[in-house]
Amino acid sequence: MFIKIFKKDFICDGIKIGNVIESKLFLANTRIIRWCQGNILWEKNWNDKSWEEVNKIPESWDLAYDFDLWVNSRKHRLTIHTATAIRDFQPYLMKLEREGRRLEDVVTRMTITSWRKRNPSVRFEAVG
């Protein structure tokens, strides 16, 4: 089951989940993608997930993270990319690392704070 962001809500199979999800996040994949008229044209796995490596992404490619998470007792996949990945998620991940915490051990609250068709803003914060 895939979750997508549409307007200011998380959506799965056409059903609105709301603008907040709380779940443990499991990083399933890091990749770079290339867009063509709103669709992914090419993608490549990106094995080095460190913040510094963002500067090495080739021109016209975007960073993407695939997460597995549980919502309403069902496993889902959420992909964030481009500015949402760099501007919103990476600072959260760095904060967890500074605190000695692992992403998969923390319940994360994701809140859609603004919506732009290609790059919504999502606030990531640890719960508890």
Side-chain angles (χ1 to χ4, degrees):
M1 306 287 297
F2 290 92
I3 294 175
K4 66 179 184 176
I5 297 172
F6 182 71
K7 298 201 175 167
K8 282 189 86 175
D9 287 301
F10 293 102
I11 306 279
C12 182
D13 286 339
I15 299 170
K16 203 184 282 191
I17 297 170
N19 74 328
V20 176
I21 291 178
E22 288 185 7
S23 178
K24 288 187 177 181
L25 300 179
F26 299 89
L27 187 58
N29 194 22
T30 302
R31 56 197 168 117
I32 55 174
I33 54 179
R34 192 170 196 175
W35 297 94
C36 176
Q37 297 178 356
N39 295 313
I40 295 175
L41 183 59
W42 293 292
E43 65 180 274
K44 295 180 183 180
N45 284 338
W46 189 264
N47 294 324
D48 189 343
K49 302 173 188 82
S50 68
W51 172 253
E52 292 76 21
E53 292 299 312
V54 170
N55 295 323
K56 296 183 182 178
I57 294 173
E59 180 85 22
S60 76
W61 289 76
D62 294 319
L63 178 65
Y65 291 110
D66 297 320
F67 298 105
D68 288 333
L69 61 145
W70 291 84
V71 177
N72 299 327
S73 302
R74 296 179 75 181
K75 184 178 178 182
H76 292 76
R77 171 71 50 100
L78 171 67
T79 299
I80 62 167
H81 56 82
T82 318
T84 307
I86 295 168
R87 174 196 63 227
D88 301 334
F89 175 68
Q90 287 184 336
Y92 172 67
L93 183 61
M94 289 181 7
K95 179 182 178 200
L96 290 178
E97 288 174 355
R98 281 192 309 271
E99 294 172 353
R101 301 163 82 185
R102 296 176 349 142
L103 179 66
E104 57 272 12
D105 296 334
V106 175
V107 174
T108 298
R109 178 182 299 128
M110 297 176 290
T111 306
I112 301 170
T113 57
S114 71
W115 183 77
R116 292 175 299 285
K117 189 169 185 172
R118 188 157 184 242
N119 296 309
S121 290
V122 179
R123 182 175 58 241
F124 292 85
E125 55 192 337
V127 176

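- Glu104 places none of its side-chain heavy atoms less than 4.5 Å from the side chain of Leu27.
- Considering CZ of Phe124 and OG1 of Thr113, their distance stands at 10.0 Å, rounded to 0.5 Å.
- Closest heavy-atom contact between Asp9 and Gly18: OD1-C, 3.2 Å.
- The local environment of CG in Asn72 is sparse, with at most 12 non-hydrogen atoms from other residues, nucleotides or ligands closer than 6.0 Å.
- Residue Asp68 is tested with His76, Arg77, Lys24 for a side-chain hydrogen bond (donor to acceptor under 3.5 Å, both in side chains); the sole match is Arg77.
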Exercise. Could you go through the side chain to side chain contact (heavy atoms under 4.5 Å, CB included) check for Val106 and Tyr92 one step at a time?
Key: CA-CA 12 Å; Val106 175; Tyr92 172 67; 3.8 Å; yes

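- Residues Ile11 and Ile5 do not share a hydrophobic cluster, defined by chaining ILVMFWY side chains whose heavy atoms lie under 4.5 Å apart.
- The minimum heavy-atom distance linking Met1 with Lys75 is given by the pair CB-O, 3.9 Å.
- Transitive grouping of hydrophobic side chains (ILVMFWY, heavy atoms separated by less than 4.5 Å) brings Ile17 and Ile112 into a common cluster.
- Here Arg101 contributes atom CZ and Lys95 contributes atom NZ; the two are 7.5 Å apart, rounded to the nearest 0.5 Å.
- Taking CD from Glu97 and CG from Leu103, the interatomic distance works out to 9.0 Å, rounded to the nearest 0.5 Å.
- For Phe2, the CZ atom is loosely surrounded, since the number of other residues' heavy atoms within 6.0 Å does not exceed 12.
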Self-check item: side chain to side chain contact (heavy atoms under 4.5 Å, CB included) assessment of Tyr65 paired with Gln90
Solution: CA-CA 10 Å; Tyr65 291 110; Gln90 287 184 336; 2.6 Å; yes

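- With values rounded to the nearest 0.5 angstrom, Ile21 atom CD1 is found 9.5 Å from Asn19 atom CG.
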Practice problem: Go through the steps to decide whether Leu69 and Ile3 satisfy the test side chain to side chain contact (heavy atoms under 4.5 Å, CB included), and finish with yes or no. | Solution: CA-CA 10 Å; Leu69 61 145; Ile3 294 175; 4.2 Å; yes

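- In this structure, the separation between CZ on Phe26 and CG on Asp66 is 15.0 Å, given to the nearest 0.5 Å.
- Between Ala64 and His81, the shortest heavy-atom contact is CB-CB, 3.8 Å.
- Between Thr84 and Arg87, the closest side-chain pair of non-hydrogen atoms falls below 4.5 Å.
- At least one donor-acceptor pair under 3.5 Å links the side chain of Asp88 to the backbone N or O of Val122.
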Practice problem: Show your reasoning for whether side chain to side chain contact (heavy atoms under 4.5 Å, CB included) applies to Leu63 and Phe89. | Solution: CA-CA 11 Å; Leu63 178 65; Phe89 175 68; over 6 Å; no

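- The distance from the SG atom of Cys12 to the NZ atom of Lys4 is 10.0 Å, given to the nearest 0.5 Å.
- Between Val71 and Phe10 there is no side-chain heavy-atom pair separated by less than 4.5 Å.
- Side-chain contact between Met110 and Ile80: absent, with no pair of heavy atoms (C-beta onward) separated by less than 4.5 Å.
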